[in-house]
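Step one of this worksheet: look at the structure below.
We count residues from 1, following the sequence as given. Numbering of ligands and ligand atoms starts at 1, following listing order. For clarity, every value in this text was computed on a predicted model and none was experimentally measured.
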Amino acid sequence: SRAIIPAKIKAGRVQRPESLFAIMDYTSYFSRDVKCMQYSAIRRMAGLTLQSGIISFAGGAPSAATFPVAEIKRIADSILELDGQAALQYGLTLGFSGLIEAVVDCSLKRKIPGVTSSHVAITSGSQQALDLIGRIFIDPGDVVFFELPSYVGGIAAFRNLQAKLVGVRQADGGIDLEDLISKIEECKQLGHRAKIIYVIPNFQNPTGITLSLEKRKALLELAERFHLLVVEDDPYGEVCFDAGLMDQLIPIKSMDREGHVIYLSTFSKILSPGLRTGWVVASQPIIEKIDLTKQTSDLCGSMLDQRIVAECWKRGIIQENLPSLRDFYRSKCQVMLRAMEAYMPPDICWTRPAGGLFVWVTLPDHLDSEKILGMALEQEKVAYVVGQPFHVNDKGRNTLRLAFSKESEDNIGLGIQKLARVFRNHLE
Ligand code: PMP
């Protein structure tokens, strides 16, 4: 305690310590798990997006212009007026019943058959779901397979628990199944315990790639054959730019007869991330374990937030906003892609997403996107996120992610011109 409160007694008088937050060496106190944790490259970059004068393609947050602020205000007022005491009280760990019903309805609309309230857990965003699922299934050394590249928050959730992270190649139609099989067999030979395949099938973060329908079926068959679980993370499926494509976006969960698939989604991209409401759809024994682990995580999510989201669903606000939300992001994406066609030098490749918030860029092998970022910021005041942290195999130094969600269309065009200039300088 002397180290924490270094009060000195002088001549019989206690001198007040300068700070109650003196620093001792905590290294031997920190857990093994926390020593494995790494700060998110995206979160670090997020600070930059707030600096004025920077055109930022870095932060992946949805555009605040899509939040139905006025409607949410009206709903919050009416909830507090009619049911304020319950809305400000603790609630059930697995979520507010009205929101669970909304998620059941939403899941049926997304063509996941047979979902009932006993198959749903509401979480504080799908990020909490990833954390809880990791805690439920992962012992140190267990193997989780990731697309190369994959979502940093998913990678971190499993890395924090000392899972062994194995990367699988990704191509146009999503994860490369041959590579997946060879990685699974390799793990078997090495005596590693392979448990989970983590996939983001729709307009993936960070690449914008969509998993083809055939691959969805084949992936499920592989999971069954090799006794693996599939964590299907679907925050972006509704942010689809092509109505004709919606039929192809069948959740893997909708074909799951044996209970291998754990489906995650969120209201973050279709309503508001600040309301922190995501969900899990899974078989009952998994939901029961989520109940257990969530109890020590937060007792329950915010009841006020959950009631607001449930009411937004009930009044059709989320559903009715979707067409304009899709138009909004489609238009931004088109501006970005057109500007890239017009200005990017040859030898640079990028994805052409049909939904979501991201375009993924691959530079020639010899270029390092982290080194180039310094110049992009200094000389052109334009930001992106470097690609390496999205790779569990430490590769991808020549890649980067561009989010088209935040900037205006004029700034997107301008920012791409600036970025193209920086790349051209490096190529020359
Ligand atoms: N999964 C993926 C693939 C994401 O991109 C995100 C957010 N960027 C999340 C999960 C977490 O979202 P939230 O916690 O806001 O639901």
Side-chain angles (χ1 to χ4, degrees), residues 40-46 49 56-64 66-67 95 99 103 106 120-134 144 146-160 170 174-175 196-211 230-240 249 251-253 262-281 290 294 297-298 301-302 305-306 308-309 318 329 351 353 355-360 385 387 389-392 401-406:
S40 154
I42 316 299
R43 293 258 124 204
R44 197 179 286 128
M45 292 290 305
T49 65
S56 179
F57 302 130
S63 168
T66 63
F67 307 156
L99 185 58
V103 165
C106 175
V120 175
I122 305 295
T123 52
S124 172
S126 42
Q127 189 61 45
Q128 187 189 37
L130 288 166
D131 185 52
L132 298 178
I133 286 163
V144 182
F146 289 86
E147 293 150 332
L148 285 171
S150 183
Y151 168 53
V152 283
I155 295 172
F158 291 104
R159 185 203 285 124
N160 287 355
Q170 198 175 196
I175 195 164
I196 292 177
I197 310 167
Y198 172 69
V199 282
I200 305 155
N202 300 322
F203 323 121
Q204 195 224 25
N205 180 3
T207 60
I209 287 175
T210 293
L211 188 65
V230 175
V231 173
E232 178 179 23
D233 189 6
D234 181 22
Y236 303 105
E238 299 281 5
V239 189
C240 176
L249 307 183
I252 305 169
K253 181 72 197 156
I262 302 165
Y263 178 85
L264 317 184
S265 193
T266 177
F267 291 102
S268 287
K269 320 293 167 181
I270 54 175
L271 182 64
S272 143
L275 291 170
R276 301 310 301 133
T277 32
W279 70 89
V280 180
V281 171
I290 288 178
K294 196 168 181 299
S297 177
D298 64 1
S302 155
D305 286 1
Q306 292 182 63
I308 290 171
V309 177
I318 299 171
Y329 287 123
T351 54
L357 310 181
F358 310 110
V359 171
W360 183 249
V385 177
F390 298 93
H391 291 75
V392 297
R401 190 193 72 179
L402 302 176
F404 47 80
S405 46
K406 177 177 174 278

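Residue Ile200 approaches ligand 1 through these ligand atoms, each under 4.0 Å from one of its heavy atoms: 3 (C). Close approach of ligand 1 to Arg276 is summarised as follows: ligand atoms under 4.0 Å from at least one heavy atom of the residue are 13 (P), 14 (O), 15 (O). Atoms of ligand 1 found under 4.0 Å from any heavy atom of Lys269, numbered from 1 in the order shown, are 7 (C), 8 (N). For ligand 1, the atoms sitting less than 4.0 Å from at least one non-hydrogen atom of Pro235 are 1 (N), 2 (C), 3 (C), 4 (C), numbered in the order shown with element in parentheses. Atoms of ligand 1 lying under 4.0 Å from at least one heavy atom of Thr266, given by number and element, are 13 (P), 16 (O). Counting the atoms of ligand 1 from 1 in the order shown, those under 4.0 Å from a heavy atom of Tyr236 are 4 (C), 5 (O), 8 (N). When each atom of ligand 1 is checked for a heavy atom of Gly125 under 4.0 Å away, the hits are 13 (P), 14 (O), 16 (O).
Within the 4.0 Å heavy-atom criterion, neither part of Phe267 lies near ligand 1. Neither the backbone nor the side chain of Gln204 comes within 4.0 Å of ligand 1, counting heavy atoms alone. Under 4.0 angstrom from ligand 1, the non-hydrogen atoms of Ser268 all belong to its side chain.
The ring pair (Phe, Tyr, Trp, His ring centres under 6.0 Å) test with Phe358 is passed by exactly one of Tyr329, Phe404, Tyr236: Tyr236. Considering Gln128, Gln306, Gln127 in turn, Gln127 is the only one that fulfils the side-chain contact (heavy atoms from CB on, under 4.5 Å) rule with Arg276. Just one of Ile200, Val144, Val199 meets the side-chain contact (heavy atoms from CB on, under 4.5 Å) condition when paired with Ser150; it is Ile200. For the side-chain contact (heavy atoms from CB on, under 4.5 Å) with Leu99, the lone residue among Val120, Ile308, Asp305, Val309 that qualifies is Val309.
Ring geometry for Trp279 versus Phe267: interplanar angle of 30 to 60°, hence tilted. Using cut-offs of 30° and 60° for the angle between ring planes, the Phe158 and Phe146 rings count as perpendicular.
Here the closest non-hydrogen pair linking Pro251 and Tyr263 is CB-CE1, 4.0 Å.
The closest protein non-hydrogen atom to atom 3 (C) of ligand 1 is Asp233 OD2, 3.4 Å. The protein heavy atom nearest to atom 9 (C) of ligand 1 is Tyr151 OH, 3.4 Å.
Looking at Ser126 next to ligand 1, an N or O pair under 3.5 Å apart turns up.
Residues Asp233 and Ser126 have side chains in contact (heavy-atom distance under 4.5 Å, counting atoms from C-beta outward). Between Phe390 and Asn205, the closest side-chain pair of non-hydrogen atoms falls below 4.5 Å.
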